[in-house]
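Data block below; observations after.
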There are 2 protein chains.
Amino acid sequence: MRDERFCNSNCPFTRAIGTIGNKWKPIIINVIGTRTIRFGQLDSIIPLISRKVLTEQLKELEEDGLLERLAYKELPPRVEYKLSEKGLAFLPILENIKEWNLKYEVASMPQEID
Amino acid sequence: MRDERFCNSNCPFTRAIGTIGNKWKPIIINVIGTRTIRFGQLDSIIPLISRKVLTEQLKELEEDGLLERLAYKELPPRVEYKLSEKGLAFLPILENIKEWNLKYEVASMPQEID
DNA sequence: CAGCATCCAGCAGGATACTG
DNA sequence: CAGTATCCTGCTGGATGCTG
């Protein structure tokens, strides 16, 4: 899921892409944002992701220090996720991507009239 | 290669991730930067990418308006690529990702002494 | 040189069932 | 509820050879 060749690169940019350069992770980080959120919420908010893949992505994000996982010893279990300082610092970048897309996408898209 | 479900999303951010959210495209855009570059150069500069995948990625980037392809009618053929305005506008974002990684990666990495 | 066509292996990722 | 385990399929992407 994570490309080890990227993560072992001696180029820091390549390593960064190895960490967050796939389709799910930016989505997950963006959905979490500044809140604390439970596994089930993420699963229902993010369309089309399977629980298995969500689990894997969350684990990698935790390993890479982008988010914190809080598991409560309860039954039924409760697990909460929130972004770490590193993860929070990535939010403005996602914001820039949004703005970039809004600015340039429209020009080349077929316009819909609602 | 491009996830159609992402590109057809009604969320502009999700569409953006559908466009550039994979490991090769940010690398390619970063390598091209502000210069004009030939196919063979890209192939040799970018480690580990196959010619087939490079071709596919370049085609998608062109379709999404991120880069311009200039094919000279010569023999042997010469094809040059350069970023469009949209592509150039993405460079600062990549720069932010570099800085973000440099700032936060180190803390969690085993330090090497050279 | 810059691709495209073809073939093929490996793995991503979906579905389902089970557990603490 | 929040996972883990297992199975299975399809697609990604590598290797190779051909062409204008």
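Naming convention: chains lettered A, B, ... in sequence-line order (proteins, then strands); numbering from 1 in each chain. Everything quoted here is computed from the prediction, not taken from an experiment.
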| field | Where at least one partner belongs to residues 17-29 of chain A, residue pairs that pass side-chain hydrogen bond (donor to acceptor under 3.5 Å, both in side chains), sequence neighbours excluded | value | A/Asn22-A/Gln57, A/Lys23-B/Asp3, A/Lys25-A/Glu60
| query | Where the side chain of A/Pro76 is concerned, which of D/dG14, D/dC1, D/dG3 is the nearest nucleotide? | reply | D/dC1
| query | Hey, does A/Pro92 have a side-chain heavy atom less than 4.5 Å from the side chain of A/Leu94? | reply | no
| said: Using five base pairs at each end to define the local axes, how bent is the helix from C/dC1-D/dG20 to C/dG20-D/dC1, to the nearest 10°? | reply: 50°
| Common cluster, B/Ile45/B/Ile29, ILVMFWY with side-chain heavy-atom separation under 4.5 Å | yes
| message | Let's go through B/Lys82 and B/Glu80 carefully: what are the C-alpha distance in whole Å and the side-chain angles of both, what is the deciding distance for salt bridge (charged side-chain N to carboxylate O under 4.0 Å, His left out) to 0.1 Å, and is it a yes or a no? | response | CA-CA 7 Å; B/Lys82 67 183 187 114; B/Glu80 293 180 344; over 6 Å; no
| If you find the nucleotide of DNA chain C closest to B/Tyr81 and the one closest to A/Pro77, which residue's nucleotide is nearer the 5' end? | B/Tyr81
| message | Measuring only between side-chain heavy atoms, which start at C-beta, is A/Ser84 closer than 4.5 Å to B/Tyr104? | response | no
| message | Check A/Glu63 with A/Arg2, please: is the shortest side-chain N to carboxylate O separation under 4.0 Å? | response | yes
| said: Is there a side-chain contact between A/Leu61 and A/Tyr81 in this structure, where contact means two heavy atoms from C-beta onward sitting under 4.5 Å apart? | reply: no
| What parts of residues 22-43 of chain A reach DNA chain D, counting only heavy atoms under 4.0 Å away? | A/Arg38, A/Phe39, A/Gly40
| note | Whole-Å distance, A/Leu75 CG to D/dA2 P, equals 12 Å
| said: Can you measure A/Glu56 atom CD to D/dA2 atom P for me and round it to whole angstrom units? | reply: 18 Å
| Looking across every strand, which nucleic acid part, if any, lies under 4.0 Å from A/Tyr72 by heavy atom: base, sugar-phosphate, or nothing? | nothing
| query | Out of curiosity, does A/Leu48 fall in the hydrophobic cluster containing A/Val31 (side-chain heavy atoms, cut-off under 4.5 Å, transitive links)? | reply | yes
| Qualifying side-chain hydrogen bond (donor to acceptor under 3.5 Å, both in side chains) pairs with a residue from residues 28-53 of chain A, counting only residues at least two apart or across chains | A/Asn30-A/Lys98
For nucleotides 4-12 of chain D, list the nitrogen or oxygen atoms of the protein found under 3.5 Å from its nitrogen or oxygen atoms, one pair per line.
residue: D/dT12; atom: OP1; partner: B/Met1; partner atom: N; Å: 2.7

| Is a side-chain N or O of B/Asn96 found less than 3.5 angstrom from the main chain of A/Ile93, in a donor-acceptor match? | no
| Donor-acceptor pair, B/Arg15 side chain versus B/Ser9 backbone, under 3.5 Å? | yes
| Reading DNA chain C 5' to 3', which nucleotide is the first, and which the last, to come under 4.0 Å of any heavy atom in chain A? | C/dA12 to C/dG20
| query | Do B/Pro26 and B/Ile97 have side chains that get closer than 4.5 Å, going by heavy atoms? | reply | no
| Counting distance only, does the side-chain N/O of A/Trp100 pair as donor-acceptor with the main-chain N or O of A/Glu105 below 3.5 Å? | no
